[in-house]
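Scroll down for the structure; my scribbles are underneath it.
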There are 2 protein chains.
Amino acid sequence: MTVSPGRRERKKAATRQKIADTALRLFLERGFDAVGIRDVAAEADVAVTTVFSHFASKEALVFEQDDDFEQRLTQAVTGRAPHEPLIPALRREIQSLVRHCAADSATPVWRMIDESPALREYEESMRLRHAESLATAIAADPDLSRTTTACRTIARFVIDAYSLAREAADPDAALDEIFRMIEAAWAVTRPSGSSTVVT
Amino acid sequence: MTVSPGRRERKKAATRQKIADTALRLFLERGFDAVGIRDVAAEADVAVTTVFSHFASKEALVFEQDDDFEQRLTQAVTGRAPHEPLIPALRREIQSLVRHCAADSATPVWRMIDESPALREYEESMRLRHAESLATAIAADPDLSRTTTACRTIARFVIDAYSLAREAADPDAALDEIFRMIEAAWAVTRPSGSSTVVT
DNA sequence: ACAGTAACACTAACCGTTAGGAGTTCACAT
DNA sequence: ATGTGAACTCCTAACGGTTAGTGTTACTGT
């Protein structure tokens with residue numbers, strides 16, 4: 001149970017939300033590049049500096065709530081059933097994330113992202129950070145004694161799967177194919193002399 | 001035979017080179033972020049607009065001649081010996097590229113890149129473009145009849161190998177390990193019913 | 001020679017982003 | 001209650017990358 005948040009925190013959250021909502025609306029109406037930060041600030045009735053006190057950059061306005069992407073991935077590793085193999089768990093999570101992006105409500109947003117190089121670039125560097133924390137989570141699992149390199153590599157591959165599947169004509173089929181490859185790559189990293197349990 | 005380039009083209013090339021040299025020198029002396037485009041332009045004795053007519057961005061000044069990265073990769077695919085398997089050919093090329101980056105003369109440059117987030121981000125998005133053209137080259141090879149998805153995936157993996165190996169403490173060992181994984185991933189994409197020749 | 005044009009310069013601005021400093025509102029301890 | 005400090009926001013001004021507009025120079029092909 002969380003204590004009821006004070007007025008201050010509520011106001012702050014409201015301001016943040018108003019900025020994010022206004023920004024997304026303007027971006028979708030006129031296109032990301034055609035809307036300036038000054039426009040967003042004016043429309044949301046806040047100062048430009050306030051926008052940047054809530055969001056690190058213009059691009060971050062678009063990926064406002066996608067910080068749980070990272071959490072969901074690491075959760076898929078740390079919170080999976082005991083002795084459940086790693087790759088299927090990751091596959092399930094990635095599939096769910098890809099489907100969420102393909103949902104009708106999200107489509108215009110992703111169209112906008114695809115159309116702006118700045119946003120694509122920003123997303124890609126987000127993914128890199130996600131891959132790093134996923135690698136850390138994998139490396140920390142005692143059931144999977146792999147080298148650091150193997151963990152970082154497989155984390156990259158999983159992130160690649162997400163971004164390739166999102167672009168594919170048939171995301172489900174692409175995910176099938178890519179995860180078959182990832183499974184094989186993961187298998188050859190199994191330390192020799194381990195038990196017969198596949199992890 | 002190319003006709004001897006006219007005075008105009010020579011002057012243009014000279015200007016471009018002078019800008020690139022000046023920029024790299026200043027960047028190494030004072031750090032990438034501490035040098036402004038206006039500084040570079042003044043020191044190279046050209047107008048700011050001239051700098052941007054030769055280079056698309058400040059970051060591009062640093063990766064001036066690294067456009068052959070893309071060419072070397074696609075060459076490794078299209079120019080390999082007949083019936084030579086794909087992955088070892090790529091592995092050889094990546095290894096050579098990684099070693100080249102670790103060469104003493106290049107070290108200060110890479111240190112500078114590592115220290116600037118803007119440059120790291122720029123490089124990563126370059127790599128993505130390289131992955132795309134590598135994927136195209138792989139898809140175009142008649143010896144390797146794989147799906148588009150498999151080609152794009154393996155291309156990403158290879159690029160990942162480059163960037164992971166460059167960061168690793170022991171690049172050679174990391175490359176060994178990563179390419180074992182890539183080899184396994186590639187193997188499972190082999191179309192059923194193909195001959196016994198491994199490609 | 002002459003016209004066309006590529007390369008370059010200059011100015012002035014746009015846009016994202018940040019620093020500095022001041023005002024307001026809230027939380028909390030007394 | 002009230003004072004106090006911290007958090008939030010505002011405003012102004014600037015910095016640095018990037019581009020548009022407009023000439024000017026100097027090479028090229030005829």
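The chains referred to below are lettered A, B, ... by the order of the sequence lines, with proteins before strands, and numbering in each begins at 1.
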Note to self: Donor-acceptor pair, distance only, cut-off 3.5 Å: does the side chain of B:R16 make one with the backbone of B:H54?
What the structure shows: yes
Margin query: Is there, by distance only and without an angle test, a donor paired with an acceptor across the side chain of A:T50 and the base of D:dC8 below 3.5 Å?
Written below: no
Item checked: Atom CD of B:Q71: over 12 foreign heavy atoms under 6.0 Å -> no
Margin query: Closest approach to the side chain of B:A47, judged atom by atom: which nucleotide of D:dC10, C:dG16, C:dA9 is it?
Written below: C:dA9
Checklist line | Side chain of A:R8 (C-beta onward), nearest among D:dT9, D:dA20, D:dC8 | finding: D:dC8
Notebook entry, point to check: Given that A:D45 and B:A56 both sit by DNA chain D, which one's nearest nucleotide is further toward the 5' end?
Noted result: A:D45
Next item on the list: May I ask you to evaluate whether A:H54 reaches the phosphate of D:dT9, defined as a side-chain N or O under 4.0 Å from OP1 or OP2?
Entry: yes
Next item on the list: Mind calculating the distance between CZ (A:F55) and P (D:dC8) to the nearest angstrom?
Entry: 14 Å
Margin query: At 4.0 Å (heavy atoms only), tell me whether B:V46 reaches a base, stays on the sugar-phosphate, or touches nothing.
Written below: sugar-phosphate
Next item on the list: With rounding to the nearest 0.5 Å, note down the distance linking CZ in A:F157 to CZ in B:R156.
Entry: 12.0 Å
Next item on the list: State yes or no: do B:V109 and B:L61 share one hydrophobic cluster built from I, L, V, M, F, W and Y residues joined by side-chain heavy-atom distances below 4.5 Å, directly or via other members?
Entry: yes
Checklist line | Side-chain heavy atoms of A:Q75 within contact of A:E93, under 4.5 Å | finding: no
Notebook entry, point to check: Does a side-chain N or O from B:K11 land closer than 4.0 Å to OP1 or OP2 of D:dC27, or not?
Noted result: yes
Next item on the list: May I ask you to say what A:V40 touches in the nucleic acid, namely base, sugar-phosphate or nothing, with a heavy-atom cut-off under 4.0 Å?
Entry: nothing
Next item on the list: Please state how far atom CZ in B:F52 lies from atom P in C:dC14, giving the value in whole angstrom units.
Entry: 18 Å
Check: OP1, OP2 of D:dT9 versus side-chain N and O of A:T15: anything below 4.0 Å?
Finding: yes
Note to self: Assuming nearest nucleotide by heavy-atom distance, tell me which of B:D33 and B:E9 is located more 5' along DNA chain D.
What the structure shows: B:D33
Note to self: Looking only at the side chain of A:S53 (C-beta and beyond, no hydrogens), which of the listed nucleotides C:dT25, D:dT18, D:dT9 gets closest?
What the structure shows: D:dT9
Next item on the list: Provide, to the nearest angstrom, the distance between the CD1 atom belonging to A:I19 and the C1' atom belonging to D:dT9.
Entry: 10 Å
Checklist line | Rounded distance (Å) that lies between atom P of D:dG16 and atom CD of B:E59 | finding: 15 Å
Item checked: Nearest-Å distance for atom pair CZ/P, residues B:F27 and D:dG16 -> 13 Å
Next item on the list: For A:T49 and for A:R38, find the nucleotide of DNA chain C with the closest heavy atom, then tell me which residue's nucleotide is more 5'.
Entry: A:R38
Checklist line | Distance in angstrom units between B:K18 NZ and C:dC8 C1', rounded | finding: 13 Å
Next item on the list: Consider the side chain of B:R7, meaning its heavy atoms from C-beta on, and name the nucleotide among C:dT17, D:dG17, D:dT28 that approaches it most closely.
Entry: D:dT28
Notebook entry, point to check: What integer distance in Å separates B:K12:NZ from C:dA6:C1'?
Noted result: 8 Å
